[in-house]
Number of protein chains: 2
Amino acid sequence: MRIQKDQVVQAALSLLDEAGIEGVTMRKLAQKLNIQAPSLYWHFASKTALLDGMADALITPVARAVKSRARWENVVTAVASELRGALLSRRDGARVFAGTYIVTENVLRVSEAMMGALRKAGAGERTAAWGCFSILHYVIGFTMEEQALDPRSNPEPVDLSKRRAHFSTFSPAAYPNVYAVLDDIFEEDLDARFLFGLNALLAGLKASL
Amino acid sequence: MRIQKDQVVQAALSLLDEAGIEGVTMRKLAQKLNIQAPSLYWHFASKTALLDGMADALITPVARAVKSRARWENVVTAVASELRGALLSRRDGARVFAGTYIVTENVLRVSEAMMGALRKAGAGERTAAWGCFSILHYVIGFTMEEQALDPRSNPEPVDLSKRRAHFSTFSPAAYPNVYAVLDDIFEEDLDARFLFGLNALLAGLKASL
DNA sequence: GTTGACACCCTAACACCGTTAGGTAAAACT
DNA sequence: AGTTTTACCTAACGGTGTTAGGGTGTCAAC
């Protein structure tokens, strides 16, 4: 065995960081591994399968060491934050993950940790299942948008003043409420914004126990 | 004017329904309009610009007739549901929307409606702004996943029994909580699931007013 | 010690992609 | 009538995922 599947995935993730999701091509990846592009098809049936492998590798660290002793809210928050962190750890990571639909041991482990916490909190089957998915959807949606605005992902970083200037091309009279909260729309503390929504979701779920 | 920008977008959306997001190519779109592919560049500077136009057209109907007289929770729920409906109205609609980052009148109108409702409920600037985005992220995350499993989007519809069978390849002992709530994971009433998460989020926001 | 299987990689090529350069006919404006 | 603008054209470039079919080294079995 000269090259293993896992090495290909690692090289692909490294390429992802360098070139972004659009720059991950079979030829460039092959070049990184000092082989020819068609040889990659020995390891992966298709590029989609490769992206699935990348997505799976991306979330491998999540919920690895989940301490179920903690209070259930803290467990859920920790897992959600770890997932966000994992997606953010690579350029376009959220896009890669959202673009695939995989059911692997890693995905199950994350779900298990979250559903376990919810059930421990006294949630019924339905509340645990749907609540878990609601949280995951929020995390993915948030992180995708967060990363789309990340300067690292964008060829030319969108600076804040330009975005505000673009907003000014619209009539303030037509969108009074948007203008009223403009400062908070452009707030850059994304950790705080993430936790705000997550806590709201969590509080809502807690109320329906 | 033989062909207007709007006609191109409409044809592109029609092509999207027929061929999916991967099937939307400049050549196929040109064929649909009885012109040659490079001519499309007269109307759009790039394919990305075209996709932006498609995303914008997709959400045009949302929050068109929002009755701000209603109770604020109902306004938020209505706008969120309309957004989900708009994304679901076209094959891969959520993927198209999530793949772009646009700030247009249509986007502002949706935000305005939602933030207006939140502020009317007594939310501070920050709660209104961040709460609005939390809801939008949830809607997009949910709808993306919903549509990824939609038989219409998938070449070969993933049937339920196969997905359950795939789950059985994993050890129930390792994932007891997942197995305990399996019936609810596979519940097919997606309207109910959507509203479940939305209501939780809404309840959480209400508590922090 | 030869044979065969298998793992891993190769070259060549196909059909398709987004995009650019440069030209052309018709319509609109002055 | 002359000029500009609009809306299209052909030809072509460099890139994409993927397939077909062939090679070469390693390692076990006879």
Side-chain angles (χ1 to χ4, degrees), chain A residues 1-57 91-92 95-96 98-102 153-156, chain B residues 1-57 91-92 95-96 98-102 153-156:
Chain A
M1 277 205 198
R2 291 164 240 189
I3 284 181
Q4 272 101 334
K5 219 166 178 174
D6 195 58
Q7 297 175 37
V8 178
V9 171
Q10 287 309 315
L13 288 174
S14 165
L15 178 59
L16 181 66
D17 263 343
E18 296 164 12
I21 192 167
E22 245 119 65
V24 176
T25 72
M26 300 305 259
R27 291 189 225 290
K28 278 195 220 158
L29 175 57
Q31 193 179 351
K32 227 174 158 50
L33 292 161
N34 287 114
I35 59 175
Q36 302 304 312
S39 303
L40 289 168
Y41 286 82
W42 173 258
H43 303 280
F44 289 93
S46 66
K47 189 182 179 180
T48 301
L50 170 68
L51 286 166
D52 286 352
M54 293 169 69
D56 191 44
R91 182 169 161 188
D92 292 332
R95 287 252 296 258
V96 169
T100 70
Y101 186 74
I102 51 171
S153 298
N154 237 321
E156 44 185 278
Chain B
M1 279 203 196
R2 292 165 240 188
I3 284 182
Q4 271 100 335
K5 219 167 178 172
D6 195 59
Q7 296 174 36
V8 178
V9 171
Q10 288 308 317
L13 288 174
S14 166
L15 178 58
L16 181 67
D17 264 344
E18 297 165 13
I21 192 168
E22 247 118 65
V24 176
T25 72
M26 299 304 259
R27 289 181 227 275
K28 278 195 221 159
L29 175 57
Q31 194 179 348
K32 227 174 157 50
L33 292 160
N34 287 113
I35 60 176
Q36 302 307 121
S39 303
L40 289 168
Y41 286 80
W42 173 257
H43 303 280
F44 289 93
S46 65
K47 189 183 179 179
T48 301
L50 170 69
L51 286 166
D52 286 352
M54 292 169 69
D56 191 44
R91 181 170 160 185
D92 291 332
R95 290 250 297 255
V96 169
T100 71
Y101 187 76
I102 51 171
S153 298
N154 237 319
E156 44 185 279

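Reminder, nothing fancy here: chain letters follow the sequence lines and each chain counts from 1.
The two residues A:Ala19 and A:Lys28 come nearest to each other via the heavy atoms CB-NZ, 4.4 Å.
By the 4.5 Å heavy-atom criterion applied to side chains, B:Val9 and B:Phe44 are counted as neighbours. Between A:Val8 and A:Leu29 the shortest side-chain heavy-atom distance falls below 4.5 Å.
Side-chain contact annotation: A:Gln7 with A:Gln4, donor-acceptor N/O pair under 3.5 Å present.
Taking atom CG of residue B:Leu40 and atom P of nucleotide D:dT10, one finds them 13 Å apart after rounding to whole Å. Spacing between atom CD of A:Gln7 and atom P of C:dA7 amounts to 17 Å, rounded to whole angstrom units. One interatomic measurement links the two molecules: CE of B:Met26 to P of D:dT16, which rounds to 19 Å at whole-angstrom precision. The interatomic distance linking B:Lys47 (NZ) with D:dG15 (P) rounds to 19 Å, in whole Å. To the nearest angstrom, C1' of C:dC17 lies 15 Å from CD1 of B:Ile21. A straight line from NZ of B:Lys28 to P of C:dC16 spans 9 Å, rounded to a whole angstrom. Nucleotide C:dC9 holds its C1' atom 15 Å from the CD atom of A:Gln4, rounded to whole Å. At whole-Å resolution of the value, CD in A:Glu22 and P in C:dG18 are 12 Å apart.
Listed nucleotides: D:dC8, D:dT16, C:dT19. Nearest to the side chain of B:Ser46: C:dT19. With C:dC17, D:dT19, C:dG18 as the candidates, the nucleotide lying closest to the side chain of A:Tyr41 is D:dT19.
OP1 and OP2 of C:dC9 both lie 4.0 Å or more from every side-chain N or O belonging to A:Trp42. Contact between the side-chain N/O atoms of A:His43 and the OP1/OP2 oxygens of C:dA7 is not found at any separation under 4.0 Å.
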Close N or O pairs between protein and nucleotides 10-13 of chain C (under 3.5 Å):
unit_1: C:dC10; atom_1: OP2; unit_2: A:Gln36; atom_2: N; d: 2.5
unit_1: C:dC10; atom_1: OP2; unit_2: A:Ser39; atom_2: OG; d: 2.9

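The side chain to side chain donor-acceptor pair (under 3.5 Å) search around A:Glu18 returns A:Ser14, A:Lys32, not counting sequence neighbours. Residues that satisfy the side chain to side chain donor-acceptor pair (under 3.5 Å) test with A:Tyr41, not counting sequence neighbours, are absent from this structure.
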Begin with the C-alpha distance, continue with both residues' side-chain angles, and end with the deciding distance and a verdict on side chain to side chain contact (heavy atoms under 4.5 Å, CB included) for B:Ile21 and B:Val96. CA-CA 7 Å; B:Ile21 192 168; B:Val96 169; 3.7 Å; yes
